[in-house]
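Here the structure comes first, spelled out in structure tokens, and everything after it is commentary.
Both counts, for ligands and for their atoms, begin at 1 and track the order of listing.
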Amino acid sequence: MRIDIISPLPELVESTFKTSILKRAIEKKIVKIQCHDLRNYSSNKKKQIDDYSYGGGGGMVLMVEPISKCIEKLKNEREYDAVIFMTPDGEKLNQKISNRISQFKNIIILCGRYEGVDQRVRDIFINMEISIGDFVLSGGELAALVLCDSVIRLKPGVMSNSSCALSDSFQDNLLSAPIYTRPENFKGHKVPKILLSGNEKKISLWREQQSVNRTKKLRPDLLDKE
Ligand code: SAM
């Protein structure tokens with residue numbers, strides 16, 4: 001999978017791909033990440049990428065030209081399954097969307113900044129708009145990282161135990177069961193006996209039950225979803 005990230009602040013994104021699971025995914029060539037500095041696509045000597053908003057109002061707007069130059073260059077090089085804009089008014093990210101995107105071959109992720117991007121960028125180039133929640137960040141970079149992380153960990157070979165991602169919360173609309181590691185007894189708080197029994201069938205049943213109970217208690221809305 002190839003992910004092209006367009007941003008006015010690519011350094012904010014790049015550092016995250018140098019650690020942990022994301023770094024391993026890149027080293028194993030499961031995913032290729034390419035960050036593009038929007039300023040390199042400005043035709044302006046001062047590398048200007050933003051301008052005042054027509055009609056007034058505070059705040060700057062990312063201009064259509066540099067973004068269009070960058071996206072068009074990329075689209076001339078290969079086909080993309082999705083050109084995604086990270087935006088608070090987009091579809092709220094969930095596991096289903098991450099699962100779907102993890103099947104794509106090439107995607108572009110555009111990060112906004114300031115007041116956002118010129119509407120014409122969205123009208124012309126964007127075919128998926130994603131929000132990471134009902135709150136406003138200063139820029140799309142952290143949101144893009146959230147999306148990338150949730151997608152990349154689903155790719156076969158990224159996690160050391162590939163079944164891990166499938167037992168995560170939200171797969172099958174259920175939260176995960178409680179988990180424990182050593183010590184068996186921490187200040188009187190003991191690990192449930194069933195987990196020490198070695199009986200795989202019973203453990204799996206217990207986990208299933210715990211998942212359902214937890215979901216009923218914490219996120220009953222998930223149980224009504226298709
Ligand atoms: N004026 C915009 C509005 O009210 O919708 C907010 C602009 S925000 C300060 C700047 C950029 O941060 C957005 O263009 C978007 O790329 C990103 N952003 C902010 N909050 C986000 C969220 N919840 N999910 C995804 N991206 C977000």
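Closest to atom 24 (N) of ligand 1, if we only count protein heavy atoms, is Ile132 N, 3.1 Å. Summary of contacts: the protein heavy atom closest to atom 20 (N) of ligand 1 is Leu137 N, 2.9 Å. Summary of contacts: the protein heavy atom closest to atom 23 (N) of ligand 1 is Phe135 O, 2.8 Å. Counting only heavy atoms of the protein, atom 1 (N) of ligand 1 lies nearest to Glu115 O, 3.0 Å.
Distance remark: protein heavy atom present below 4.0 angstrom from atom 16 (O) of ligand 1.
At most 12 non-hydrogen atoms from other residues, nucleotides or ligands lie less than 6.0 angstrom from CZ of Phe186.
With Thr215 contributing its side chain and Leu175 its backbone, the two residues share a donor-acceptor pair below 3.5 Å. Using a distance-only test at 3.5 Å, with no hydrogens or angles considered, a donor-acceptor pair links the side chain of Asn173 to the main chain of Lys225.
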Next item on the list: Starting from the C-alpha separation in whole Å, work towards a yes-or-no answer on salt bridge (charged side-chain N to carboxylate O under 4.0 Å, His left out) for Arg122 and Asp89.
Entry: CA-CA 12 Å; Arg122 300 172 74 164; Asp89 58 9; 2.8 Å; yes
Next item on the list: List the steps, then state whether side-chain contact (heavy atoms from CB on, under 4.5 Å) holds for Asn106 with Met1.
Entry: CA-CA 6 Å; Asn106 301 319; Met1 180 181 199; over 6 Å; no
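Residue-ligand proximity, Tyr114 to ligand 1, at heavy-atom distances under 4.0 Å covers atoms 7 (C), 8 (S), 9 (C), 10 (C). Within ligand 1, the atoms closer than 4.0 Å to a non-hydrogen atom of Ser131 are 23 (N), 24 (N), 25 (C), numbered from 1 in the order shown. Counting the atoms of ligand 1 from 1 in the order shown, those under 4.0 Å from a heavy atom of Gly140 are 12 (O), 16 (O), 17 (C). Contact atoms of ligand 1 toward Ala143: 25 (C), 26 (N) (distance under 4.0 Å to a heavy atom of the residue).
Residue Phe85 has no N or O atom closer than 3.5 Å to an N or O atom of ligand 1. Residue contacts with ligand 1: Gly116 is placed with no nitrogen or oxygen under 3.5 Å of a nitrogen or oxygen of the ligand (distance criterion only). Ligand 1 has a nitrogen or oxygen under 3.5 angstrom from a nitrogen or oxygen of Gly112. For Met86, a nitrogen or oxygen atom sits less than 3.5 Å from a nitrogen or oxygen atom of ligand 1, counting backbone and side chain alike.
For the 3.5 Å distance criterion, the side chains of Asp123 and Gln119 qualify, holding a donor opposite an acceptor. With no hydrogens or angles considered, a side-chain donor-acceptor pair links Gln171 and Asn99 at under 3.5 Å. One side chain, Tyr80 or Arg78, offers a donor N or O that lies under 3.5 Å from an acceptor on the other. Asn44 and Ser42 share no donor-acceptor pair across their side chains, judged by distance under 3.5 Å alone.
The closest approach between a heavy atom of Ile130 and any atom of ligand 1 is below 4.0 Å. Under the 4.0 angstrom criterion for non-hydrogen atoms, Asp89 is not in contact with ligand 1.
When the heavy-atom distances from atom 27 (C) of ligand 1 to Gly59, Pro88, Ala144, Ser138 are ranked, the shortest goes to Pro88. Relative to atom 6 (C) of ligand 1, the option among Leu142, Val136, Thr87 with the closest non-hydrogen atom is Val136.
A 4.5 Å side-chain heavy-atom check between Ile67 and Leu62 finds at least one atom pair inside the cut-off.
Salt-bridge formation is not detected for the pair Glu14/Lys18: no Lys NZ or Arg NE/NH1/NH2 atom is positioned less than 4.0 Å from an Asp or Glu carboxylate oxygen.
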